[in-house]
Student: 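One structure is given below, represented as structure tokens, and several questions about it will come after.
The structure presented is a predicted model; accordingly, all values stated were derived computationally and were not measured.
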Amino acid sequence: AQVGSCYEDFDDYILRSIRVRTPSEHTFLGRRAPVEVQLWHEPTVQRDLAVIRERRARAQARLAALQAEVLSWNDVMQRLQRTEDTNNSFPNLRTEEDWVQMGRQKANRQGDEVLEEVVQLRDEMQAIDDRVASMLKSMERPDSARVMVLTLLFVISDTGG
């Protein structure tokens, strides 16, 4: 028979401590047992939040690195666009054009790498958002973040056999 509410999902718990009481702290049918074992469990919400904080910090660090790469890429592109900074050391126009083309290709590769990193970062942020939404949904239930205790009472039989 179902006792209490039934939910489609399952909560995860971590065993935090085991307490042994002699005699038992609780009674069963008005009698104390010689031994009681209490298994104290906590929901994994705190652990999950710590994981999310860590993932978010890594994402923020990657975002800062990407910002620096974008600024560097922008500087390279601006240098390539300047016509007044002609380099007179090139032997001919063809050599200068080849040099500019190689610079553009390098800058384009750098831009493609930054774009790929941005897409990965977007996917990571979406995964973090999805996990937070899942946690918030599970937290809507009453008593979803409570500590749970499983108590086992060990009783000595009254019969001698």
Student: Anything under 3.5 Å between a donor and an acceptor, one on a side chain of residues 123-132, the other on a protein residue two or more places apart or in another chain? List them.
Tutor:
residue, atom, partner, partner atom, Å
Glu124, OE2, Arg55, NE, 2.9
Glu124, OE2, Arg55, NH2, 3.4
Gln126, NE2, Asp130, OD1, 2.8
Arg131, NH2, Asp48, OD2, 2.5

Student: Please round to the nearest 0.5 Å and tell me the distance separating atom CZ of Arg32 and atom OG1 of Thr27.
Tutor: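 So the CZ of Arg32 and the OG1 of Thr27 are separated by 6.5 Å.
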Student: Considering non-hydrogen atoms only, spot the tightest contact between Leu153 and His26 and give its length.
Tutor: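 Shortest heavy-atom separation between Leu153 and His26 comes out as CD2-O, 4.3 Å.
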Student: Check whether Ser24 reaches the backbone of Glu36 with its side chain - one donor and one acceptor, N or O, closer than 3.5 Å.
Tutor: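 No: the side chain of Ser24 does not pair with the backbone of Glu36.
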Student: Measuring from atom CG of Asn108 to atom CZ of Arg104, what distance do you get when rounded to the nearest 0.5 angstrom?
Tutor: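 The CG atom of Asn108 sits 9.0 Å away from the CZ atom of Arg104.
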Student: Of all the heavy-atom pairs spanning Glu69 and Val114, show the shortest one and how long it is.
Tutor: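 For Glu69 versus Val114, the nearest heavy atoms are OE1-CG2, 3.3 Å.
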Student: First locate atom CD of Glu117, then atom CG of Leu63, and finally report the distance between them rounded to the nearest 0.5 Å.
Tutor: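 Spacing of CD (Glu117) from CG (Leu63) equals 10.0 Å.
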Student: Sequence neighbours excluded and cut-off under 3.5 Å, please list the side-chain donor-acceptor pairs for residues 14-23, or say none.
Tutor:
residue, atom, partner, partner atom, Å
Arg16, NE, Glu42, OE1, 3.2
Arg21, NE, Glu25, OE1, 3.2

Student: Say whether Leu150 and Phe154 are linked into one hydrophobic cluster, either directly or through other cluster members, by side-chain heavy-atom distances under 4.5 angstrom.
Tutor: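 Cluster IDs for Leu150 and Phe154 match.
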Student: Around atom CD of Glu97, are there more than 12 heavy atoms of other residues, nucleotides or ligands at under 6.0 Å?
Tutor: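 Yes - once you tally the heavy atoms of other residues, nucleotides and ligands closer than 6.0 Å, there are more than 12.
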Student: Which residues pass the salt bridge (Lys or Arg N to Asp or Glu O under 4.0 Å) test with Asp98, sequence neighbours left out?
Tutor: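 Residues passing salt bridge (Lys or Arg N to Asp or Glu O under 4.0 Å) with Asp98: Arg94.
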Student: Out of Gln60, Arg53, Glu54, which residue meets the side-chain contact (heavy atoms from CB on, under 4.5 Å) rule with Arg56?
Tutor: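 Testing Arg56 for a side-chain contact (heavy atoms from CB on, under 4.5 Å) against Gln60, Arg53, Glu54 leaves exactly one candidate, Gln60.
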Student: Between Arg109 and Glu113, is the closest basic N to carboxylate O distance under 4.0 Å?
Tutor: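 No, no charged N to carboxylate O under 4.0 Å.
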Student: Does a donor on one side chain sit under 3.5 Å from an acceptor on the other, for Thr95 and Asn92?
Tutor: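 Asn92 and Thr95 do have a side-chain donor-acceptor pair below 3.5 Å.
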Student: Is there a side-chain contact between Leu66 and Leu121 in this structure, where contact means two heavy atoms from C-beta onward sitting under 4.5 Å apart?
Tutor: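 Yes - at least one pair of side-chain heavy atoms lies under 4.5 Å apart.
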Student: Determine, stepwise, if the pair Glu116 / Val118 fulfils side chain to side chain contact (heavy atoms under 4.5 Å, CB included).
Tutor: CA-CA 5 Å; Glu116 184 178 321; Val118 166; over 6 Å; no
